[in-house]
Amino acid sequence: MQPFPVPPDEIPVGGDWQRGAGPTSACVDPADGEVIATVHAADPAQVDAAARAGAGAAVDPAWRDLLPHQRAHMLDRVADAIEHHAEQLALLQTRNTGKTLGETRALVASAAGTFRYYSAALETLEGELPPSRGAHLTMSVHEPIGVVGAITPWNSPIASDAQKIAPALAAGNAVLLKPAEATPLVSLALARLAHDAGVPPALLSVLPGPGAVVGDAIARHPLVGKLAFTGGTTTGRVLGRIAAERIIPVTMELGGKSPTIVCEDADVDEAVAGILYGIFSSTGQSCVAGSRIFLPRKRYEELAQRLVAGATALRVGPGTDPATRIGPLATFAHRDKVAAMVDRAREEGARIRCGGTIPDEARLARGAFYPPTLLDGLAPDAKTCQEEIFGPVGVLLPYDDEDDLVTQANATVYGLACGIWTADYRRALRLARRIEAGTVWINTYKQFSISTPFSGVKDSGLGADKGRAAIRGYQRQKSLYLNLATEPIAWAGA
Ligand code: ADP
């Protein structure tokens with residue numbers, strides 16, 4: 001089977017597939033360094049054209065007047081199309097991001113499930129009739145914002161795109177999607193499928209290109225009424241400032257340095273399997289990666305050795321090989337950044353328990369590979385323990401008791417996720433409430449449901465993706481007062 005075909009010299013701009021007028025950028029398969037496509041970026045004039053066409057399409061009666069079940073049907077057809085092309089889409093994403101086929105298949109299934117979920121949610125959302133304090137009927141209604149700017153990162157494109165596009169369309173908007181520079185292919189494929197499935201083409205533009213040019217033009221465009229962003233905290237702050245200037249809402253799903261905690265009474269097999277999955281799946285390129293691994297001091301060495309043995313056994317290789325657990329990093333530049341961060345950890349005094357160097361095996365020589373790496377011996381405030389690495393690197397940290405654990409676990413600017421491994425449900429719930437995080441997993445890790453809101457606290461984000469309420473996040477609330485009194489307002493004396 002071939003990957004989903006995407007003509008790289010065409011991007012969808014306001015309903016028209018045309019050549020991007022910005023610079024070209026190469027999409028490289030990080031498993032072997034091969035250039036798989038050269039995509040033409042959009043330029044700011046195309047952002048403007050897409051925004052104008054999107055704003056027009058959003059108020060076109062052919063879209064605006066669709067009843068919820070009709071719009072829901074359209075989302076269902078997008079889900080059908082994704083499922084129909086699932087294997088091709090997974091292959092395309094594996095080639096463009098390096099993720100294993102097992103992972104990209106799951107992401108494609110998740111994208112289809114997201115469209116189905118918002119289809120169902122749209123049909124069942126209800127308005128409100130707040131109690132009235134006068135002779136009028138009050139209604140609270142929700143209306144589309146118009147044009148939404150969605151900016152997504154390179155780690156899980158089709159799933160993160162769907163989590164923004166599906167609720168935004170369900171809410172009645174047009175979307176300008178800016179995928180990450182290195183990984184636009186599956187986003188372009190998604191637009192092609194959505195248009196073929198009947199989504200009015202001007203409602204979904206995909207505008208690849210550099211964030212500081214194309215993303216910036218989207219964020220500042222006067223017709224863009226909401227920003228939905230997933231990416232790094234530094235970019236989140238930039239976009240937050242623009243949103244503040246423009247007084248438009250923004251949701252941000254940002255970075256993390258999530259603690260995963262083993263309690264003394266944990267089932268060790270379960271904890272080790274879950275921790276390895278939590279930090280090393282997707283080669284650690286996951287905002288929720290459990291990258292700070294807290295072990296009770298009394299059982300520290302025993303648990304550390306189990307984790308090291310498990311990490312060392314994970315097979316590194318291309319994402320297309322079913323035996324691979326650790327695919328390449330998404331780009332060579334990112335692999336080098338991860339390697340540099342491990343070198344800095346060494347300078348900080350870290351002990352490398354496993355991994356820690358670019359593999360020298362001939363079969364891995366052409367790809368952006370880095371092995372699963374565990375470190376320890378660092379103080380909790382070392383840069384390595386505080387900064388997001390976004391690669392297959394976990395740091396082991398001992399703790400003495402529950403208070404010490406909570407203090408250490410919360411001593412970070414981030415607050416995205418947490419894992420707790422214990423047989424004691426009271427302790428699990430107690431800890432879950434004390435840890436500052438948007439999501440806490442108890443005796444599991446990195447499990448998701450589209451129906452469950454996903455958010456970060458502190459520098460990890462603002463607002464939530466997923467869940468029924470996400471549709472409301474792409475709408476404006478309006479209050480309607482319908483007079484029921486039979487007499488005029490007794491004020492002017494007329
Ligand atoms: P990561 O560190 O995960 O690459 P980034 O925040 O750099 O995260 O990128 C996430 C998305 O934000 C990408 O699509 C990127 O092009 C975009 N982006 C980066 N800088 C800006 C910016 N100044 N304005 C708008 N979008 C940006």
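Counting begins at 1 with the first residue of the sequence. Whatever order the structure lists ligands and atoms in, that order sets their numbers, starting from 1.
Nearest protein neighbour of atom 4 (O) of ligand 1, counting heavy atoms only, is Trp154 NE1, 3.1 Å. Nearest protein neighbour of atom 26 (N) of ligand 1, counting heavy atoms only, is Gly211 O, 3.5 Å. Ile151 CG2, 3.6 Å is the protein heavy atom nearest to atom 17 (C) of ligand 1. Nearest protein heavy-atom contact of atom 15 (C) of ligand 1 is Lys178 NZ, 3.7 Å. Distance from atom 8 (O) of ligand 1 to its nearest protein heavy atom, with residue and atom name: Gly232 N, 3.2 Å.
Of the N or O atoms in Gly231, none lie within a sub-3.5 Å distance of an N or O in ligand 1. Residue contacts with ligand 1: Thr152 is placed with a nitrogen or oxygen under 3.5 Å of a nitrogen or oxygen of the ligand (distance criterion only). Note: no N/O pair closer than 3.5 Å links Phe390 and ligand 1 by distance alone. Between Glu181 and ligand 1, no N or O atom pair is found at a separation short of 3.5 Å.
Protein non-hydrogen atoms do reach within 4.0 Å of atom 6 (O) of ligand 1.
Taking a cut-off of under 4.0 Å to the non-hydrogen atoms of Leu239, the atoms of ligand 1 that pass are 24 (N), 25 (C). Shown in contact with Asp216 at under 4.0 Å from a heavy atom are these atoms of ligand 1, numbered in order with element: 24 (N), 25 (C). Below 4.0 Å from some heavy atom of Pro179 lie the following atoms of ligand 1, by number and element: 14 (O).
Not one N or O on the side chain of Thr260 forms a donor-acceptor pair closer than 3.5 Å with the backbone of Gly290. Side chain of Glu348 to main chain of Thr384: a donor-acceptor pair is present (N/O by atom type, distance under 3.5 Å, no hydrogens or angles).
At least one test fails for Lys257 against the ring of Tyr414: distance under 6.0 Å to the centre or angle within 45° of the axis.
When the options Thr234, Val213, Ile242, Thr235 are ranked by their closest heavy atom to atom 21 (C) of ligand 1, first place goes to Thr235.
Counting heavy atoms from C-beta on, the side chains of Glu245 and Arg220 never come closer than 4.5 Å. In this structure, Pro372 and Thr312 have side chains that are not in contact, with every pair of non-hydrogen atoms separated by 4.5 Å or more. With contacts defined as side-chain heavy-atom distances shorter than 4.5 Å, the pair Gln46/His40 does not qualify. Using a 4.5 Å heavy-atom cutoff, the side chains of Val288 and Thr439 are not in contact. Taking 4.5 Å as the limit, some side-chain heavy atom of Arg105 sits within range of a side-chain heavy atom of Glu87.
In this structure, Ala180 is part of the shell of residues with a heavy atom less than 4.0 angstrom from ligand 1.
For the residue pair Ala41 and Gly209, the shortest heavy atom distance occurs at CB-CA, 3.6 Å.
When ring centroids are compared, Trp421 and Phe294 stay outside the 6.0 Å threshold.
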